[in-house]
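Worksheet: one structure, shown below.
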Protein chains: 2
Amino acid sequence: MSLKYGILGLLSYGPMTGYELNRAFHASLAFFWKATMSQVYRELKQMEQKGWVSATTIIQHNGKPNKKEYTLTQEGREAFVRWLSGPVVDSDLEVRSAFLMKIFFSAQNSPMINRENLHRFKEISRKQLSALQQETAIQEYGQKIQDKRSVTYWELTRQFGERYYQLCVEWAEMALATVEDQGQ
Amino acid sequence: MSLKYGILGLLSYGPMTGYELNRAFHASLAFFWKATMSQVYRELKQMEQKGWVSATTIIQHNGKPNKKEYTLTQEGREAFVRWLSGPVVDSDLEVRSAFLMKIFFSAQNSPMINRENLHRFKEISRKQLSALQQETAIQEYGQKIQDKRSVTYWELTRQFGERYYQLCVEWAEMALATVEDQGQ
DNA sequence: TTAATCATGTAACACGTTACATGATTGC
DNA sequence: GCAATCATGTAACGTGTTACATGATTAA
């Protein structure tokens with residue numbers, strides 16, 4: 001559901017190709033929404049049929065393959081605004097964690113494997129945290145497009161991510177201590 | 001991917017019907033994994049074909065519909081243990097948040113709607129937090145089944161949830177202050 | 001010479017969501 | 001009388017994942 005609106009949102013800054021949309025996704029929305037190339041192309045096809053975006057083929061020379069640039073239509077912009085201004089519902093907050101599923105059943109695992117898994121979780125979280133802290137794309141874009149209001153909101157999502165991974169690291173330390181304490 | 005293992009994990013505590021599995025899901029795993037009835041029935045059918053679970057029909061009198069009780073087979077238990085003892089991978093930590101997607105683009109929204117959305121997010125998070133704090137299922141089960149080791153791990157997932165929703169509430173307060181500060 | 005980048009997709013499968021169907025019993 | 005609980009599912013659709021296909025250019 002949200003992938004559609006992620007694409008519309010990115011196109012609201014200006015026209016882009018599927019390939020560029022994919023890069024933009026990875027550079028900015030990846031912390032809270034992952035998308036693959038084939039998904040992006042499929043959504044673009046569907047949205048073109050709906051009339052939310054329109055495509056223009058750009059012929060390239062120098063041996064590079066032709067591009068299809070997508071532009072937001074009036075209906076597309078309206079659909080985006082309807083979603084954006086619509087209310088926040090319970091399901092927008094849903095959490096899904098394969099890792100916690102594993103932890104839930106981990107009493108049936110060997111203590112050694114549990115310690116390893118918790119350590120690995122902590123390390124991955126730490127890496128994600130420092131990646132988000134060193135994130136400069138927001139500042140760069142902000143200086144380029146001179147849109148102070150956008151930067152505020154982009155920065156809020158980044159800060160959520162920072163706090164989240166901070167939590168993961170601290171929880172992992174607590175969990176490791178608990179598991180050791182119990183002599184497991 | 002994880003729904004399968006959630007079902008196998010619950011069946012590792014003893015045989016259950018699809019209906020009971022659904023209730024168990026809502027009572028224990030719901031914070032980090034949501035499942036619907038039809039999904040549970042579909043997975044059970046697939047896993048029966050794979051030979052991971054076996055079904056026994058229990059004829060009921062007193063007007064109630066017949067039940068099908070599912071039991072973990074040896075192969076099912078092996079598949080579960082393979083998953084449980086397998087390494088934690090990056091994708092096990094993936095975050096997906098429709099709410100943050102909306103915040104990311106919220107510079108294009110009216111300031112009033114943004115304040116409303118942040119307030120609503122804070123309220124939902126607060127409710128989830130107090131629901132998790134008042135959660136007693138873990139203690140009850142623990143006393144019933146006398147499995148101290150399981151309780152430790154169940155409790156770790158609950159604590160992750162508590163910390164997570166605490167973070168949400170605090171972040172929302174910070175975000176509201178930021179948005180007000182900017183005169184938006 | 002090998003991998004990465006640019007650029008488009010298709011096909012098949014897996015998983016998640018929503019609506020529908022049946023029908024007795026129990027509590028408000 | 002109406003909603004909830006017990007208990008099973010099917011069907012259709014929507015979304016996410018993985019593998020495959022093409023083919024030139026550029027940097028290590």
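Below, read A as the first sequence line, B as the second, and so on, with proteins coming before strands; counting in each chain starts at 1. What's counted below: heavy atoms across the whole structure, side chains too, no hydrogens, waters or symmetry copies.
- In this structure, B:Arg163 places its CZ atom where more than 12 heavy-atom neighbours from other residues, nucleotides or ligands lie under 6.0 Å away.
- B:Phe121 and B:Trp171 have perpendicular rings, their planes meeting at more than 60° on a 0 to 90° scale where under 30° would count as parallel.
- Between B:Phe105 and A:Phe80, the angle of the ring planes goes over 60°, which puts this pair in the perpendicular group of the 30/60° scheme.
- Under the 30°/60° scheme for interplanar angles, the aromatic rings of B:Phe31 and B:Phe160 are found to be tilted.
- B:Gln108 and A:Ser12 form a side-chain donor-acceptor contact under 3.5 Å, judged by distance and modelled atom types alone.
- For the pair B:Phe25 CZ and C:dC15 C1', the interatomic distance rounds to 13 Å; values are reported in whole Å.
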Reading 5' to 3' through nucleotides 8-18 of chain D, protein heavy-atom contacts under 4.0 Å coded B for base, S for sugar-phosphate only, - for none: BBB----SBBB
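- Distances shorter than 4.0 Å separate none of the side-chain N or O atoms of B:Arg23 from OP1 or OP2 on D:dA7.
- Rounded to whole Å, atom P of D:dC6 lies 13 Å from atom NE2 of B:His26.
- In this structure, the CG atom of A:Asp90 is 14 Å from the P atom of C:dT17, given to the nearest Å.
- Rounded to an integer number of Å, the gap from B:Leu29 CG to C:dG16 P is 13 Å.
- For the atom pair A:Leu11 CG and A:Glu69 CD, the distance stands at 9.5 Å (nearest 0.5 Å).
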